[in-house]
Structures are given as structure tokens and as C-alpha cells.
Number of protein chains: 2
Amino acid sequence: MDKPLTATTAGTKSRLSRDLVLTAALKLLDAEGLDALTMRRLGQELGRDPMSLYRYAANRAALLDGVTELVLNELAIIGDDRDWQAQLRRIAHDLRLLALRHPNVVPLLVTRPLSTPLGLRPLGTLRPLEQILSLLIDAGFGPGDALHVYRAYYGFLYGHILNELQEFIVDPEENEALLRLGLHRLPAREFPRLRALAPVLADYDGAAELDQGLDILLSGLAARLTPRNNP
Amino acid sequence: MDKPLTATTAGTKSRLSRDLVLTAALKLLDAEGLDALTMRRLGQELGRDPMSLYRYAANRAALLDGVTELVLNELAIIGDDRDWQAQLRRIAHDLRLLALRHPNVVPLLVTRPLSTPLGLRPLGTLRPLEQILSLLIDAGFGPGDALHVYRAYYGFLYGHILNELQEFIVDPEENEALLRLGLHRLPAREFPRLRALAPVLADYDGAAELDQGLDILLSGLAARLTPRNNP
DNA sequence: AACAACTTCTCTACGCTGTAGACTTTACGC
DNA sequence: GCGTAAAGTCTACAGCGTAGAGAAGTTGTT
């Protein structure tokens with residue numbers, strides 16, 4: 001009979017921990033999507049009874065919150081650019097890449113806060129907000145303006161990510177744009193513009209599109225709200 | 001024993017229809033949230049066996065898609081403003097109000113397209129896209145530019161809506177801002193900015209914030225991409 | 001070495017879910 | 001009135017989240 005083996009031997013029995021659980025959950029989520037992430041399945045993945053998970057997350061919703069927290073930790077806000085615009089730019093691209101790395105997490109990222117009052121959210125998910133506010137205030141913005149900038153910025157950023165993640169391909173084998181995107185299904189009479197745009201849609205460049213948006217937004221913000229030049 | 005009563009008597013037996021089903025689903029969703037919207041519960045609400053619903057939606061996911069479609073139909077794109085900027089402004093505010101009217105639908109609106117390739121989405125959800133493209137092209141934009149404008153615009157708009165819907169109140173009875181938002185729970189040392197901003201956060205004006213964002217975005221877009229002045 | 005106290009993990013069970021497949025009831029054209 | 005097709009129902013199944021009680025494992029004290 002096999003006994004303890006309590007070492008950190010790859011996939012086998014060692015003491016669980018919140019981090020282990022969340023990491024496994026994220027892995028499963030990345031690999032097979034939200035529906036596959038059930039307590040039973042996750043337990044199985046960890047070689048444990050599903051019930052043991054409840055030691056590390058109060059329930060499934062809390063588990064999902066934990067995963068979003070874990071993912072947001074991959075995002076480093078601090079940077080030593082002196083320029084606030086440059087910092088926001090870098091963060092935006094970082095977040096975009098994060099989203100592309102964990103597309104199945106994006107619905108959670110976007111949706112979970114809708115059912116949790118600001119003050120009750122996991123701290124890890126509030127940290128980016130706090131840090132960006134800090135960044136802006138340090139750059140010379142008044143607190144109120146910093147909040148406005150944050151809102152416009154984050155709103156745009158989340159919107160962009162959602163947009164980009166929707167640009168989906170039906171049939172990657174196909175090289176005719178209309179078919180690749182499945183747009184041939186649309187009645188030509190009702191959707192002439194969309195169908196005509198198939199080739200343009202098919203070669204979407206997310207990073208470039210994000211940059212253009214940021215150009216507009218940041219220069220617009222700068223024109224309207226100037227940081228008085230030292231804190 | 002009570003027999004047919006096939007009339008349209010308020011809540012009682014008449015022939016079902018897709019519209020009846022979807023409308024009831026939306027009502028339930030609005031009233032009690034996504035979790036309450038189960039096939040069994042909806043059947044009960046309609047006084048029918050849950051299985052009968054499958055005549056009108058292939059499965060639960062399709063039902064949800066149907067609901068988002070239904071909601072998006074409340075949005076009228078066509079307007080007779082001559083000015084594309086004014087039109088986009090009006091649509092933005094309309095969509096915002098729509099979201100406030102059906103907050104529980106927003107997660108669906110935002111999330112369902114992430115798991116459905118563009119070409120396979122319910123036509124009703126693609127119609128706004130087509131119509132806005134039309135609007136922009138009619139205003140003189142080239143098709144490619146129209147798409148860019150659309151993306152920046154819709155991205156920002158969805159972002160704003162998500163932002164606004166997150167600004168949640170914990171305890172509406174309370175009148176101290178910190179407590180209303182539940183921010184007192186945050187460690188003061190780690191979240192000084194956020195805590196200090198409680199009063200500002202507490203009186204968020206969504207419409208105004210949206211307008212400011214639109215000012216920046218639309219003027220930025222106009223500066224970069226000018227419609228050559230007639231089609 | 002032995003016991004106690006505490007943490008971690010497992011077992012069993014319940015009520016709920018979506019939905020497949022066979023069946024019955026209803027509506028409608030002739 | 002009858003045949004056919006549509007609409008609605010019934011039964012059943014596998015899977016879900018999780019409450020509650022108990023077993024197993026770990027740690028500290030003597």
C-alpha cells in the first residue's frame with residue numbers, strides 16, 4: 001500500500017493550500033473553460049475529495065473570485081516611467097496580454113464585480129484601482145480628477161478587451177474572409193455593410209487598435225485635465 | 001373541472017410562443033436575477049411543463065441568447081439627426097438607460113458574444129452593429145474607418161456601462177460615504193486613496209461621466225478620421 | 001511514548017439542475 | 001369525423017453545489 005509520500009512530488013498528495021487550489025482552478029479554467037471548473041472536477045484534478053476545497057474557499061463563487069484575484073496579481077502596476085501617460089499605456093497593454101493569456105477569465109473579471117459591492121470585493125481586485133489612483137495623484141492630478149481619468153481609462157480598456165475577444169473565427173481552415181468569420185450565414189440584404197467588411201474584420205490588429213484608442217483618450221484627457229505640475 | 005380557457009386571460013393558459021417565453025424569461029431575470037432563471041422555474045411561471053420550453057429555445061444557452069436579443073430590440077438605432085456625432089451620443093445614452101433598466105441582462109450582453117463566433121450570433125444582436133456601420137458610412141466615413149470608429153465607440157460604451165453598474169452601494173441607509181460603500185473594511189494603510197475618495201465615489205453621476213467620455217472620444221475620432229463630406 | 005487538541009480531509013446524503021426520449025393531448029385541414 | 005402534425009407532458013438520468021458527521025492526520029505538551 002502506498003503511504004504518505006508527502007513530498008512535493010508533482011501531481012501527488014501533499015498538503016493542500018489556497019494557492020494550490022486556486023492555481024489548479026485557473027489551470028482548469030484556462031484549459032477547459034468555466035463549465036468544466038466544477039468542485040467535483042477540481043477535486044479530482046487535485047486528487048482530493050471535492051469537499052476538501054471548501055476549506056480554502058467558502059463556496060464556488062468565492063473560488064471564482066479567488067481565481068480572478070490570482071490572475072490580477074499577474075499584473076504589475078508599479079513602473080518607473082515618470083510620465084503618467086506612458087504608464088497607463090504600458091498597463092493597458094499588459095492587461096490586454098493578460099486577457100489574451102486567460103480569455104476564459106475575462107467573463108469573470110468583468111462580471112463578478114457586478115454582483116459584489118465595491119467595498120466587499122477581494123482586496124486583490126481593488127489593488128489595481130488603488131495603485132492607478134496613486135499613480136495619477138502622484139503625477140499631479142487632484143483626487144477627483146484622478147478618479148475621472150481612471151474611470152474613462154478603465155472603462156475604455158475593458159471595453160476594448162471585450163471587443164477584441166469577440167472577434168472570433170469559425171473556421172480557421174478557410175481562407176475566404178466571409179467564410180472564416182461565418183458571415184456568409186447573414187442575409188445579404190439585411191447585413192450588407194457587415195458582410196462587405198469581412199476582409200477588414202478578418203485581419204484585426206488588437207494592439208494597434210488599442211494604441212489608437214489610447215492616443216485619442218489620453219490626449220483628450222490631458223487636454224481637459226492637466227495635472228498641476230507637482231504634488 | 002376547468003377546461004380550455006384559451007383566451008388571453010392574463011396569466012393563464014393560452015398557446016405559448018417564443019415571444020411569450022422570452023418575455024417571461026426577461027421578466028424573471030429582471031426580478032430575481034440570473035440564478036433564478038431556470039427552466040423549471042420559468043415553466044412554473046408560465047404554468048407549463050419545463051420541457052415545453054424546449055420547443056422555443058434549443059437549450060438554456062439559446063434561451064439566454066434569446067433574452068439578450070429581445071432586450072437589444074428595445075434599442076432603436078435609427079434616428080434622424082443629420083450629425084453622426086449627435087446620433088452616437090443619443091444611442092449611447094439610450095443604451096446606458098437600457099442597461100440600467102435591465103442590469104441583470106448586462107452580464108449576458110457582455111459575456112455571451114465571447115463564446116459565440118461573430119457569424120453565429122443571433123441576428124438581433126448583430127443588427128446594432130450593422131446599423132451603426134450604416135450610419136457612419138452614410139455620414140461619409142469609408143468602411144474601414146467606420147469600423148474603427150465603431151470599435152472605439154462601442155468599446156468605450158460597454159466599458160462605461162460596466163463601470164457604472166459596479167458602483168454599488170452596500171448600505172443605502174447609511175449616510176457616511178465610507179460606510180455606504182463598505183469601504184471601511186479596507187485596510188487604511190493599503191488603500192488610502194480609495195478610502196479618501198469615498199465621498200466622491202458616493203455621488204457618481206453616470207450620465208455626466210458618459211458625456212464627458214463621449215466628448216473626448218468623439219472629438220478625438222473626428223480629428224483623426226474625417227468623413228469626406230458626402231457619400 | 002502517550003495523550004489531547006486541533007486541523008485537514010472524506011463520506012454520505014439532499015435537493016436542485018439541464019435535458020433526452022417516449023408518451024399524450026390538442027389543433028387543424030379535409 | 002378522421003388523420004396528421006404540432007404542442008405539451010411525464011418519467012428518468014447524470015451531474016451539480018454543499019450541509020453535517022465523522023475519520024485521519026498533524027502538532028504540541030508532558
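A note on names: the letters A, B, ... follow the listed sequences, proteins ahead of strands, and every chain is numbered from 1.
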What is the distance from [atom1] of [X] to [atom2] of [N], rounded to the nearest Å?
{"X": "B:Leu53", "N": "D:dA6", "atom1": "CG", "atom2": "P", "answer": "19 Å"}
{"X": "B:Tyr54", "N": "C:dG21", "atom1": "OH", "atom2": "P", "answer": "13 Å"}
{"X": "A:Leu42", "N": "D:dG15", "atom1": "CG", "atom2": "P", "answer": "17 Å"}

* To do: Please determine if B:Arg127 and A:Glu190 form a salt bridge, counting it only when a charged side-chain N lies under 4.0 Å from a carboxylate O.
  =>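 Judged by the 4.0 Å cut-off on N to carboxylate O distance, B:Arg127 and A:Glu190 do form a salt bridge.
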* Do B:Arg41 and B:Glu32 sit within salt-bridge range, that is, some charged N less than 4.0 Å from a carboxylate O? ->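 Between B:Glu32 and B:Arg41 there is a salt bridge, with a charged N closer than 4.0 Å to a carboxylate O.
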* Relative to the 5' end of DNA chain C, which residue comes earlier, B:Pro50 or A:Pro50, by the nucleotide with the nearest heavy atom? ->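 In this pair, the answer is A:Pro50.
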* Of B:Ala61 and B:Arg55, whose nearest nucleotide on DNA chain C comes first from the 5' end? ->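 Result: B:Ala61.
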* Could I get the full list of side chain to side chain contact (heavy atoms under 4.5 Å, CB included) partners for B:His102, not counting sequence neighbours? =>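 For B:His102 the side chain to side chain contact (heavy atoms under 4.5 Å, CB included) partners, ignoring immediate neighbours, are B:Leu26, B:Asp30, B:Val71, B:Glu74, B:Leu98, B:Val105.
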* Sequence neighbours left out, what passes side-chain hydrogen bond (donor to acceptor under 3.5 Å, both in side chains) with A:Asp94? Give chain and number order. =>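 Scan of A:Asp94 (side-chain hydrogen bond (donor to acceptor under 3.5 Å, both in side chains), adjacent residues dropped) gives A:Arg90.
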* **Heavy-atom donor-acceptor pair, B:Gln166 side chain to A:Pro113 backbone, under 3.5 Å** =>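 Answer holds: no.
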* To do: Say whether A:Arg121 and A:Thr116, considering side chains only, have a donor N or O and an acceptor N or O under 3.5 Å apart.
  =>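 No, no side-chain donor-acceptor pair sits under 3.5 Å.
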Give each protein N/O atom lying under 3.5 Å from an N/O atom of nucleotides 11-17 of chain C, with the pair distance.
| residue | atom | partner | partner atom | Å |
| --- | --- | --- | --- | --- |
| C:dT17 | OP1 | B:Thr38 | OG1 | 3.3 |

* Between D:dG8 and B:Tyr56, is there an OP1 or OP2 to side-chain N/O distance shorter than 4.0 Å? ->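 Looking at the OP1 and OP2 atoms of D:dG8, one of them is under 4.0 Å from a side-chain N or O of B:Tyr56.
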* To do: Please tell me which of the listed nucleotides, D:dT18, C:dC9, D:dG8, lies nearest to the side chain of B:Leu16?
  =>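 Given the options D:dT18, C:dC9, D:dG8, the side chain of B:Leu16 is closest to D:dG8.
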